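What follows is one structure encoded as structure tokens, with my remarks underneath.
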There are 2 protein chains.
Amino acid sequence: MMAKKPAELAKAIRTPLTVDDGIDFSMIELFFFAYRDFTSDPDQLLATYGFGRAHHRVVHFVNRIPGLTVAELLDVLKITKQSLARVLKQLIDTGYIVQIQGLRDRRQRELYPTAKGRDLALALAAPQSRRIANALTRLDTQDRETVETFLKSMVDPDLRAQIEQLPGGAGNVQDKAVAEPEATR
Amino acid sequence: MMAKKPAELAKAIRTPLTVDDGIDFSMIELFFFAYRDFTSDPDQLLATYGFGRAHHRVVHFVNRIPGLTVAELLDVLKITKQSLARVLKQLIDTGYIVQIQGLRDRRQRELYPTAKGRDLALALAAPQSRRIANALTRLDTQDRETVETFLKSMVDPDLRAQIEQLPGGAGNVQDKAVAEPEATR
DNA sequence: AAATTTATGTCAGCCTTGTTGACATAAATT
DNA sequence: AATTTATGTCAACAAGGCTGACATAAATTT
């Protein structure tokens with residue numbers, strides 16, 4: 001196993017990559033570890049329900065945008081309908097989400113949370129919100145805006161539109177104008 | 001298939017969850033979308049190599065901590081050795097990483113990048129670093145510290161130790177002092 | 001009215017990346 | 001000499017992505 005033909009050994013580099021290589025490793029790693037722990041609380045809770053992260057995302061957005069259609073949800077999540085179908089079916093079968101046939105277009109299925117689904121969404125979001133609030137206590141009030149601006153700038157410009165439409169959301173960082181009221185019927 | 005029994009419909013909730021429910025949805029969603037796009041650049045690049053995110057993480061940390069052992073890498077990544085084995089074997093077979101038998105303990109396998117592995121790590125990190133730099137241009141210089149403090153506070157306290165050990169990394173946040181550039185040692 | 005497109009659902013199979021359990025080997029430690 | 005440790009490996013399984021193909025109902029176009 002060990003026997004390596006010395007001939008085929010590529011030379012090992014023994015010096016670490018650092019910020020001197022022109023890369024902001026410090027921030028890259030902070031972002032990686034921060035997100036990993038950010039997802040760990042809901043992950044643990046989900047496991048007790050027999051659900052995974054995919055279920056979390058669906059429950060989250062259906063609660064944030066009740067009545068969105070399957071196609072709209074696919075667009076937010078950027079996954080295929082076959083992928084969505086599996087978790088969505090489970091959530092419907094177990095009573096967390098209901099589908100209602102669209103009024104203006106009866107082909108569409110509008111997705112709504114049930115009371116059970118609402119409770120789950122809140123339970124999943126609570127520890128994440130707590131973690132964020134705790135991290136913000138170390139900062140000045142105006143620093144919250146700094147963090148928001150940073151995170152928002154990390155998002156691809158063309159995808160920022162989606163975020164702005166979310167209710168009571170982070171709205172616009174640069175111009176404080178409000179998003180136009182979606183006729184959520 | 002389509003036929004819905006009205007009787008079995010749990011009641012649909014039509015109002016969205018908002019910040020009024022006591023949850024910081026704005027930040028939760030910003031963090032979600034920011035991280036999603038943060039990983040999208042390297043993901044695309046990895047696909048051209050036939051690699052995935054798992055390979056990225058291994059290449060990253062082997063380049064940041066050359067000579068770390070398999071056990072140490074497992075501890076950083078928090079995965080099982082069987083999971084690691086698959087991707088590590090591929091990276092070794094394709095010449096991105098080499099193993100060298102430990103000197104003080106010959107059971108250990110120290111992991112090092114090759115020149116090829118170093119190049120890959122840099123290529124993967126470059127777009128992420130660029131994205132971060134771009135996001136930071138919207139902020140004052142001192143705001144960088146705000147963002148660092150925030151991200152670091154998002155990490156579980158007991159896991160923060162790992163971060164501090166990384167070379168040229170984000171030093172200590174709590175003792176705000178700090179981070180004196182490079183005069184150290 | 002007929003043909004086509006759209007929104008959704010579903011079947012089948014594949015891939016990556018995580019998991020557990022069991023077992024093997026070499027080297028270090030007791 | 002016996003045990004423990006670091007690593008590797010085989011086998012099986014699961015979640016959650018993916019693609020391709022096909023079905024149905026409803027809307028839209030011709």
Side-chain angles (χ1 to χ4, degrees), chain A residues 1-4 36 39-40 42-44 46-60 62 67-94 97-111, chain B residues 1-4 36 39-40 42-60 62 67-94 97-112:
Chain A
M1 247 84 282
M2 208 66 293
K4 288 275 154 99
R36 186 222 250 171
T39 56
S40 67
D43 279 354
Q44 271 191 271
L46 286 159
T48 70
Y49 289 78
F51 290 153
R53 259 185 223 188
H55 301 84
H56 185 177
R57 294 193 282 266
V58 171
V59 165
H60 177 89
V62 169
L68 90 172
T69 66
V70 170
E72 287 165 349
L73 183 53
L74 289 176
D75 192 51
V76 170
L77 299 180
K78 307 277 186 230
I79 58 174
T80 60
K81 65 175 173 175
Q82 296 92 329
S83 268
L84 174 60
R86 272 187 307 228
V87 300
L88 184 54
K89 192 172 194 312
Q90 284 179 274
L91 289 168
I92 290 169
D93 290 348
T94 49
I97 289 178
V98 290
Q99 285 180 313
I100 296 182
Q101 197 172 47
L103 287 182
R104 67 169 196 283
D105 184 336
R106 293 182 331 201
R107 290 172 304 181
Q108 295 182 331
R109 301 286 175 268
E110 295 173 355
L111 304 173
Chain B
M1 240 95 272
M2 262 1 354
K4 298 225 114 124
R36 187 224 250 170
T39 55
S40 68
D43 279 354
Q44 272 192 270
L45 188 57
L46 286 160
T48 72
Y49 289 79
F51 290 154
R53 258 184 224 189
H55 301 85
H56 185 177
R57 294 194 280 267
V58 171
V59 166
H60 177 90
V62 169
L68 91 172
T69 65
V70 170
E72 286 164 351
L73 182 54
L74 288 175
D75 192 52
V76 171
L77 299 180
K78 307 275 185 234
I79 58 174
T80 60
K81 65 175 173 176
Q82 296 93 328
S83 260
L84 174 61
R86 271 187 308 230
V87 299
L88 184 54
K89 191 171 194 312
Q90 285 179 272
L91 289 168
I92 290 170
D93 290 348
T94 50
I97 289 178
V98 290
Q99 285 179 312
I100 296 182
Q101 197 171 47
L103 287 183
R104 67 170 195 282
D105 184 336
R106 293 182 330 202
R107 289 172 304 180
Q108 295 183 331
R109 304 287 175 268
E110 296 173 354
L111 304 172
Y112 294 91

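Residue numbering restarts at 1 for every chain, and letters A, B, ... go by the order of the sequence lines. What you see is a predicted model; the values in this text were computed from it and never measured. Side chains included, hydrogens not; waters and symmetry mates left out as well; all remaining heavy atoms used.
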*Could you walk me through whether B:R109 and B:I100 pass side chain to side chain contact (heavy atoms under 4.5 Å, CB included), step by step?*
CA-CA 6 Å; B:R109 304 287 175 268; B:I100 296 182; over 6 Å; no

*Taking all non-hydrogen atoms of both residues, which atom of B:G52 and which atom of B:L46 are closest, and how far apart?*
O-CD1, 3.5 Å

_Minimum heavy-atom distance between B:L73 and B:V58, given as atom pair plus value_ =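 Closest heavy-atom pair between B:L73 and B:V58: CD2-CG1, 4.1 Å.
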
*For DNA chain C, what string of dots and brackets results from 5' to 3' when Watson-Crick and G-U pairs need both distances under 3.5 Å, crossing pairs get [ ], and pairs with another strand get |?*
||||||||||||||||||||||||||||||

*Pairs involving residues 79-93 of chain B, ordered by first then second residue, that meet side chain to side chain donor-acceptor pair (under 3.5 Å) (sequence neighbours left out)*: B:H55-B:Q90, B:K89-B:D93

_Quick check for you: to the nearest 0.5 Å, what is the distance between B:D105 atom CG and B:T69 atom OG1?_
9.0 Å

*For B:R106, enumerate each residue passing the salt bridge (Lys or Arg N to Asp or Glu O under 4.0 Å) test, keeping only those at least two apart in sequence or located in another chain.*
none

Which whole-number value in Å describes the distance from [X] [atom1] to [N] [atom2]?
X      : N      : atom1 : atom2 : value
B:R109 : D:dT9  : CZ    : P     : 10 Å
A:D75  : C:dA7  : CG    : C1'   : 14 Å
A:L74  : D:dG16 : CG    : C1'   : 14 Å
B:Q108 : D:dT5  : CD    : C1'   : 10 Å
B:I97  : D:dT7  : CD1   : P     : 14 Å
A:L88  : C:dT8  : CG    : C1'   : 11 Å
B:Q99  : D:dA6  : CD    : P     : 16 Å
B:D43  : C:dC15 : CG    : P     : 19 Å

*Might you work through the side chain to side chain contact (heavy atoms under 4.5 Å, CB included) test for B:V76 and B:R57, ending with a clear yes or no?*
CA-CA 10 Å; B:V76 171; B:R57 294 194 280 267; over 6 Å; no

Give every pair of a protein N or O atom and an N or O atom of nucleotides 26-28 of chain D that lie under 3.5 Å apart, one pair per line with the distance.
| unit_1 | atom_1 | unit_2 | atom_2 | d |
| --- | --- | --- | --- | --- |
| D:dA27 | OP1 | A:R106 | N | 3.3 |

*List in chain and number order the residues that pass side chain to side chain donor-acceptor pair (under 3.5 Å) with B:R53, two or more places apart in sequence or in another chain; answer none if no residue qualifies.*
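With neighbours one apart ignored, the set is B:T39, B:D43.
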
*Any idea how A:H60 and A:H56 line up, ring-wise: parallel (<30°), tilted (30 to 60°), or perpendicular (>60°)?*
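A:H60 and A:H56: perpendicular rings.
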
*Check the pair B:T94 / B:F51 against side chain to side chain contact (heavy atoms under 4.5 Å, CB included), numbers first and verdict last.*
CA-CA 11 Å; B:T94 50; B:F51 290 154; 3.9 Å; yes

*Report, as a single string ordered 5' to 3', how protein heavy atoms within less than 4.0 Å touch nucleotides 16-23 of chain C: B base, S sugar-phosphate only, - not at all.*
-BBBBBB-

_Residue pair A:E110, A:L68: steps toward the side chain to side chain contact (heavy atoms under 4.5 Å, CB included) verdict_ = CA-CA 5 Å; A:E110 295 173 355; A:L68 90 172; over 6 Å; no

